[in-house]
Amino acid sequence: MLELQNIDVHYGATQVLWDVSITVGAGEMVAVMGPNGSGKSTILKAAMGLKKASAGKVLLDGEDLRGKAATVRPHRRMSIVLERRRLFPRMSVRENIMLGAYTRTGAEARSSFDWVLELLPEIKDHLNATAGKLSGGQQQMVAIARGLMADPKILLMDEPFLGLSPAMVKNVYAIMKMVNERGVAILFNEQNAKTSFAMSHRGYLLEGGRVALSGSGEQMLEHPEVKRVYLGLREEAS
Ligand SMILES: Nc1ncnc2c1ncn2[C@@H]1O[C@H](COP(=O)(O)OP(=O)(O)O)[C@@H](O)[C@H]1O
Ligand SMILES: [Mg+2]
């Protein structure tokens with residue numbers, strides 16, 4: 001469904017992604033894991049059109065969106081939940097959520113809103129609250145709700161667990177699983193190898209702007225390099 005093919009990305013004269021290829025099939029949960037600065041956010045921005053790749057293809061169901069603006073993506077049923085959530089802090093929760101529905105008719109938006117509240121019932125009590133007053137975890141739920149208002153078939157999520165308490169991490173994890181089980185593909189970034197690969201169908205390890213490894217979630221967790229470098233486990237003595 002989503003295929004990043006051999007993309008390069010530059011910031012000015014500095015290249016930060018080299019020949020990156022990532023695919024997400026319909027209904028898949030796919031993790032991009034890597035250390036800080038390895039290019040995880042840039043991959044999602046290139047997929048969403050928030051940053052233009054300087055080479056390669058960004059295919060969504062075969063259509064190359066590389067040169068197209070971010071605003072066309074929701075029309076193609078792709079949306080993004082940005083790092084640190086990026087809500088409008090002075091607007092209400094309901095207003096923030098409805099911003100995600102700008103591609104939809106009134107009736108479609110209402111039916112998505114019902115669906116979103118069914119998935120995220122915790123939000124119901126806060127619809128009229130000022131978004132900036134909510135806890136980090138609650139804001140993450142509002143950001144997810146906003147992303148779902150486009151009725152995406154693929155949702156991009158940049159570090160969905162960043163800065164959340166362990167209890168909230170579990171909560172957001174459960175929501176991602178539930179959304180994915182409803183058929184929405186998810187491509188997300190995460191710095192923790194165990195969290196990211198254990199919950200994903202497939203995963204990619206990014207190092208210095210290049211894909212260093214890829215495989216099923218299980219293969220990634222079992223890979224000697226992932227174990228040694230990212231899970232802090234020694235290889236078993238033979
Ligand atoms: N707006 C920007 N201008 C210049 N360099 C940037 C910009 N955003 C990110 N970079 C650089 O690109 C590289 C990858 O960044 P990023 O994709 O944010 O990594 P990650 O999300 O894995 O931490 C880093 O070296 C970072 O400093
Ligand atoms: Mg990042």
Side-chain angles (χ1 to χ4, degrees), residues 1-9 17 20-30 32 40-88 91-120 123 127 131 139-160 175-176 178-189:
M1 179 170 54
L2 174 67
E3 278 180 81
L4 305 181
Q5 288 183 350
N6 312 102
I7 62 168
D8 292 342
V9 172
L17 291 184
V20 167
S21 295
I22 283 178
T23 63
V24 183
E28 268 193 321
M29 173 96 85
V30 177
V32 175
K40 302 182 298 298
S41 295
T42 303
I43 288 177
L44 293 191
K45 285 177 188 158
M48 191 66 194
L50 297 168
K51 176 74 194 154
K52 189 179 171 185
S54 33
K57 288 184 177 167
V58 177
L59 301 174
L60 186 61
D61 293 330
E63 181 191 8
D64 194 357
L65 298 178
R66 181 171 71 99
K68 299 208 169 130
T71 48
V72 309
R73 264 70 167 183
H75 294 281
R76 307 289 196 281
R77 297 179 60 204
M78 179 196 280
S79 55
I80 191 165
V81 179
L82 290 166
E83 190 183 341
R84 298 192 183 277
R85 309 179 265 279
R86 304 286 170 86
L87 300 180
F88 291 90
M91 289 169 62
S92 73
V93 166
R94 184 193 301 272
E95 287 165 333
N96 269 281
I97 294 174
M98 292 312 286
L99 286 175
Y102 73 91
T103 58
R104 324 283 312 284
T105 65
E108 285 170 348
R110 278 191 293 279
S111 100
S112 282
F113 193 65
D114 291 343
W115 179 64
V116 162
L117 291 185
E118 180 205 318
L119 281 178
L120 303 165
I123 288 180
L127 285 173
Q139 290 191 24
Q140 183 61 284
M141 286 190 202
V142 176
I144 294 170
R146 181 176 61 187
L148 292 175
M149 288 299 291
D151 190 24
K153 56 188 174 185
I154 178 163
L155 185 65
L156 311 177
M157 301 181 78
D158 198 352
E159 304 225 18
I175 290 163
M176 288 169 70
M178 200 164 54
V179 168
N180 182 241
E181 279 163 7
R182 302 290 182 98
V184 181
I186 297 179
L187 175 64
F188 74 103
N189 290 340

_I need the full list of side chain to side chain donor-acceptor pair (under 3.5 Å) pairs touching residues 56-66, with sequence neighbours left out, sorted by first then second residue._
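Qualifying pairs, neighbours excluded: D61-K153, E63-K68, E63-R76.
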
What residues, two or more places apart in sequence or in another chain, satisfy side-chain hydrogen bond (donor to acceptor under 3.5 Å, both in side chains) together with [X]?
X: E181; answer: none
X: N189; answer: D158
X: S79; answer: none
X: E3; answer: Q5

_Under 3.5 Å: donor-acceptor pair, side chain of T103, backbone of H75_ = no

*Between N180 and G27, is there a donor-acceptor pair closer than 3.5 Å when you use the side chain of the first and the backbone of the second?*
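Here the side-chain-to-backbone pair exists.
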
Any side-chain heavy-atom pair of [X] and [Y] under 4.5 Å:
X: W115; Y: L148; result: yes
X: M149; Y: I97; result: yes
X: M98; Y: S92; result: no
X: L60; Y: L65; result: yes
X: L99; Y: M91; result: yes
X: V30; Y: I186; result: no
X: L44; Y: I80; result: yes
X: L50; Y: L82; result: yes

Salt bridge (Lys or Arg N to Asp or Glu O under 4.0 Å) contacts in which one or both residues fall within [range], not counting sequence neighbours:
range: residues 40-56; answer: K40-E159
range: residues 92-109; answer: R104-E108
range: residues 20-30; answer: E28-R202

*Please test V142 against V93 for side chain to side chain contact (heavy atoms under 4.5 Å, CB included), starting from the C-alpha separation and ending with a verdict.*
CA-CA 7 Å; V142 176; V93 166; 3.8 Å; yes

Nearest heavy-atom neighbours spanning [X] and [Y]:
X: A131; Y: F88; value: CB-O, 3.7 Å
X: V9; Y: A46; value: CG2-CB, 4.1 Å
X: G62; Y: L59; value: O-CD2, 3.8 Å

Qualifying residues under side-chain contact (heavy atoms from CB on, under 4.5 Å), relative to [X], sequence neighbours excluded:
X: L4; result: L2, I7, I22, I43, A47, V58
X: S111; result: none
X: A143; result: V81, R85, L87, Q140

Rounded to the nearest 0.5 Å, what separation is found between the [atom1] atom of [X] and the [atom2] atom of [Y]?
X: S112; Y: L119; atom1: OG; atom2: CG; value: 10.5 Å
X: S21; Y: N6; atom1: OG; atom2: CG; value: 3.5 Å
X: M78; Y: L156; atom1: CE; atom2: CG; value: 5.5 Å
X: I123; Y: F113; atom1: CD1; atom2: CZ; value: 8.0 Å

*OH of Y102: more than 12 outside heavy atoms within 6.0 angstrom?*
yes

*Partner residues of R182 under the salt bridge (Lys or Arg N to Asp or Glu O under 4.0 Å) criterion, sequence neighbours left out*: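 By the salt bridge (Lys or Arg N to Asp or Glu O under 4.0 Å) rule, R182 matches E118.
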
